[in-house]
Amino acid sequence: MNTASAADGFDRLPVIDVRALTGGSSSAADRKAVATQIGAACRESGFFYAVGHGVDAGLQSHLEDLSRRFFALPLEDKLAIRMALGGRAWRGYFPVGGELTSGRPDRKEGLYFGSELGPGHPLVRAGTPLHGANLFPREPSGLRDAVLAYMAALTQLSHALMSGIALSLELAEDYFAARYTADPLVLFRIFNYPPGDDTAEDGHPIWGVGEHTDYGMLTLLKQDEAGGLQVKSRQGGQVRWVEAPPVPGSFVCNIGDMLDRMTRGVYRSTPHRVQNRAGRDRLSWPFFFDPGWTAAVRPIESPALAGAAADDASERWDRQSVHAFQGTYGDYLLGKVGKVFPDLKTEVL
Ligand SMILES: O=C(O)CCC(=O)C(=O)O
Ligand SMILES: [Fe+2]
C-alpha cells in the first residue's frame, strides 16, 4: 500500500489513464491497478489528471465554443438569466465579482447548472434548495443540449471513477453507488476568468477563485489552455502552491470534503485557487459529483483506513472541520453556498 500522506507534501499531480474503469471489458487486475494509482494520488495530493476517460472530444469542443459565445454577449443579455431568477434552484448567470469564495469577490463570471428536474420531482415539490430547472440562455441556442449531454457523460464517468476509488479503499465497487450516489447531487458550472491585475488597490491579491476546498465528493474539471489553477502542498509547515497546468484531453479530478470525511482525512480535500495570468480570458468547466441531498455521510469502515483519525479544523481555509459536522450533505452544502452568495441567500432561501 502507498503510505504517502498530504503531510509529506507533493510537487506534481499524476496523470492516470482510467480506461480500465470506463471500458466494459477490462480485467479485475487492470481495474485494481488503476484504482491503486488513484488511491496513491488521493492520499498524496487529493488531485490527479484523468486521461483515457472516453468523453467525446467533439462534444467538449462544441461546449467550449458555445461557452465562449455566451460570455462574449453584452452583460445585459447575460443578466437575462441571472441567478436571482433561478430562485431556490440556484441556477443561472452571475457577473464578475458576484461570488465570494473565501470572503472577497472572485474575478470570474459564470453559469450555474445542475440536474434538470421538473416541477413534479419530489425534491422540487418539497422546495429543496439547489434542485429544479436550469436557466438556459436564448443565445447561443445550442448551449442547452450541449450542457445536458456533457452533464450526462460526466455523470457516467464519475460513477466509473467512484468505483475505482471504492476499489482503492478495499471496498466493493458499488460502495458509493449503493449508499450515496444512486441519486447523486450533480452541479455543473461554466466559469470565465477575465484577465486583469494580480493585486487590488488595497494591496490584497485578486483571485479568480480564492483558496477553498470543494464541498462534495468528486470534482472533474475541464480547463482551457490558459492555466492558473494552483493546489496547496504543505511540507513541515511550509506551504507551496503547485501548478495544475492544462494537460490536453484530461480532466483534473479532485476529492471533496465528503470523501475527506468518509476516509477520516486519509483522502484529502486539498485547498486550491485560481489566478489567471494568461492576459486573456480563461474558461473552465467544473463538474461536481456529490452525495444525494438527504444522505448522512459517515466514516468508512475498511482495513485500508485502520487507525485514521483526523481533525484538521485549525489548518483548513475555513477553520471548520468536515469531521465534526452533524447533519445531511444538504445541510453542509447549504451552509457553504450561503456564504459565497450572501445576497442571493437572503433573496431566495
Ligand atoms: O476553474 C478552476 O480551475 C477551478 C474552479 C474551482 O476550484 C471550483 O469551482 O471549485
Ligand atoms: Fe474548487
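Everything numeric in this text was worked out from a predicted model, so none of it was measured. The figures that follow rest on heavy atoms only: side chains count, while hydrogens, waters and symmetry mates do not. We count ligands from 1, going down the list as the structure has it; atoms in each ligand are counted the same way.
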I'd like to know if the side chain of [X] and the backbone of [Y] have a donor-acceptor N/O pair within less than 3.5 Å.
X    : Y    : answer
S26  : D30  : no
R261 : H323 : yes
H131 : P129 : yes
S45  : L13  : no

State the CG-NE2 distance between L229 and H272, to the nearest 0.5 angstrom. 6.5 Å
Pairwise distance CD(E139) to CZ(R69) - rounded to 0.5 angstrom: 7.5 Å
Option passing side chain to side chain donor-acceptor pair (under 3.5 Å) with T213 (candidates D257, D260, T219): D257
Among protein heavy atoms, which sits nearest to atom 5 (C) of ligand 1, and what does the distance come to when rounded to 0.1 Å? Y193 OH, 3.6 Å
Can you tell me which residue and heavy atom of the protein come closest to atom 9 (O) of ligand 1, and the distance to 0.1 Å? F191 CE1, 3.2 Å
Taking 4.0 Å as the limit for heavy-atom contacts, which would you say applies to V252 with ligand 1: side chain only, backbone only, both, or neither? neither
Under a 4.0 Å heavy-atom limit, does D214 contact ligand 1 with its side chain, its backbone, both, or neither? side chain
Considering only heavy atoms, which of R282, H212, Q230 lies nearest to atom 7 (O) of ligand 1? H212
side-chain contact (heavy atoms from CB on, under 4.5 Å) between Q60 and V55, intermediate numbers included: CA-CA 8 Å; Q60 292 192 59; V55 176; 3.9 Å; yes
Closer than 2.8 Å to the Fe ion (ligand 2) - protein N, O or S atoms, ordered by chain and residue number: H212 NE2, D214 OD1, H272 NE2
Classify the ring geometry of F289 against F287: parallel below 30°, tilted from 30° to 60°, perpendicular beyond 60°. parallel
For F288, the ligand 1 atoms whose distance to one of its heavy atoms is below 4.0 Å: 8 (C), 9 (O), 10 (O)
Give a yes/no on ligand 1: does H272 have at least one heavy atom closer than 4.0 angstrom to it? yes
